[in-house]
Asks: 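Here's a structure for you.
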Amino acid sequence: MRTITEKGLVFDEKITPEQIASYVQAVADRINADYAGREPLCVVVLTGAFMYAADLFRRLQMHTDVTYIRLKSYEGLNSTGRVECVVPLQKPVLGRDVIVIEDIVDSGATIHEFKRMLAEEGARSVAVTSFLYKPTKLLFEDARPDYPALEIGDEFVVGYGLDYQGYLRNLDAVYTLRK
Ligand code: IMP
Ligand code: MG
């Protein structure tokens, strides 16, 4: 098992690159089946989801386009509960079937707020795929992902796009903070 140390914290490898690839393919299979013949607009929630989005998007087989938004709710190891829009939506969602691509759903505050924005802007439908999902931490029922790639426990993870204070996003696997 691989281990990484950053700023005095130790992280252990939890999900290997091979496992990631098979979880991503499983989500793509479900979305391809559910959206066959439709033209969804994928919206990537930056920054953390960019790696998952790149892997998932290239496996989608319908006509589709991708855009992004940047929302922020985490500082360090904890969710602040406030959701800020740092970079606004880059394409109109009016009348579109939107697929939100997120890195991780924790309290669900980010997705709860973003779904409210998308409804306000007239999206026809909204589905959420999240690479990781922490069911025991969910506080907003409407933020439960429709297509979670993988459920994890109450733990802090990094790698595959996910950061600790702006570091470790570039790891090719998911690592979990040693307790
Ligand atoms: P939520 O709004 O509480 O659901 O938090 C969602 C956001 O917090 C995610 O999009 C991540 O950017 C960040 N986040 C939540 N849990 C973790 C984690 O374990 N590691 C790194 N970032 C996390
Ligand atoms: Mg995020």
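We number each residue from 1, following the sequence as shown. As the structure lists them, so they are numbered: ligands from 1, and atoms in each ligand from 1.
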Asks: Should Asp65 and Lys91 count as an ion pair when the cut-off is N to O under 4.0 Å?
Replies: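 Looking at Asp65 and Lys91, the cut-off is met.
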Asks: Return yes when Glu155 approaches ligand 1 closer than 4.0 angstrom through a heavy atom, no otherwise.
Replies: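 Contact check Glu155 vs ligand 1: positive.
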Asks: Hey, is ligand 1 close enough to Asp103 that some N/O pair sits below 3.5 Å?
Replies: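 Right, the criterion is met.
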Asks: Would you say that Val157 contacts Val174 through its side chain, given a criterion of any heavy-atom pair below 4.5 Å between the two side chains?
Replies: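 A side-chain contact under 4.5 Å exists here.
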Asks: State, with a plain yes or no, whether a side-chain heavy atom of Leu41 is found less than 4.5 Å away from one of Thr64.
Replies: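 When only atoms from C-beta onward are counted, Thr64 and Leu41 do not touch, as no gap falls below 4.5 Å.
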Asks: Going by heavy-atom distance to atom 20 (N) of ligand 1, choose the closest among Leu162, Ile111, Val157, Thr47.
Replies: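 The residue whose heavy atom sits nearest atom 20 (N) of ligand 1 is Val157.
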Asks: Can Ile152 be said to touch ligand 1, with heavy atoms closer than 4.0 Å?
Replies: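 No.
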Asks: Below 4.0 Å from ligand 1: does a non-hydrogen atom of Lys137 turn up there or not?
Replies: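 Checking ligand 1 against Lys137, which is what was asked, there is no heavy-atom contact under 4.0 Å.
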Asks: Quick test of your reading of the model: are Lys134 and Glu155 salt-bridged, counting only N-O distances below 4.0 Å?
Replies: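 A salt bridge is absent here (no side-chain N lies under 4.0 Å from a carboxylate O).
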Asks: Do the ring planes of Phe156 and Phe11 sit parallel (below 30°), tilted (30 to 60°) or perpendicular (above 60°)?
Replies: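 Judged by the thresholds at 30° and 60°, the geometry between Phe156 and Phe11 is tilted.
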Asks: Taking only heavy atoms of Gly108 into account, list the atoms of ligand 1 that are under 4.0 Å away from them.
Replies: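 Answer for ligand 1: 1 (P), 3 (O), 4 (O).
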Asks: Side chains of Thr136 and Asp154: donor-acceptor distance under 3.5 Å anywhere?
Replies: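 Not at all, the side chains of Thr136 and Asp154 share no donor-acceptor pair under 3.5 Å.
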Asks: Mind checking whether Gly48 has a heavy atom under 4.0 Å from ligand 1?
Replies: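 Not so, Gly48 does not reach ligand 1.
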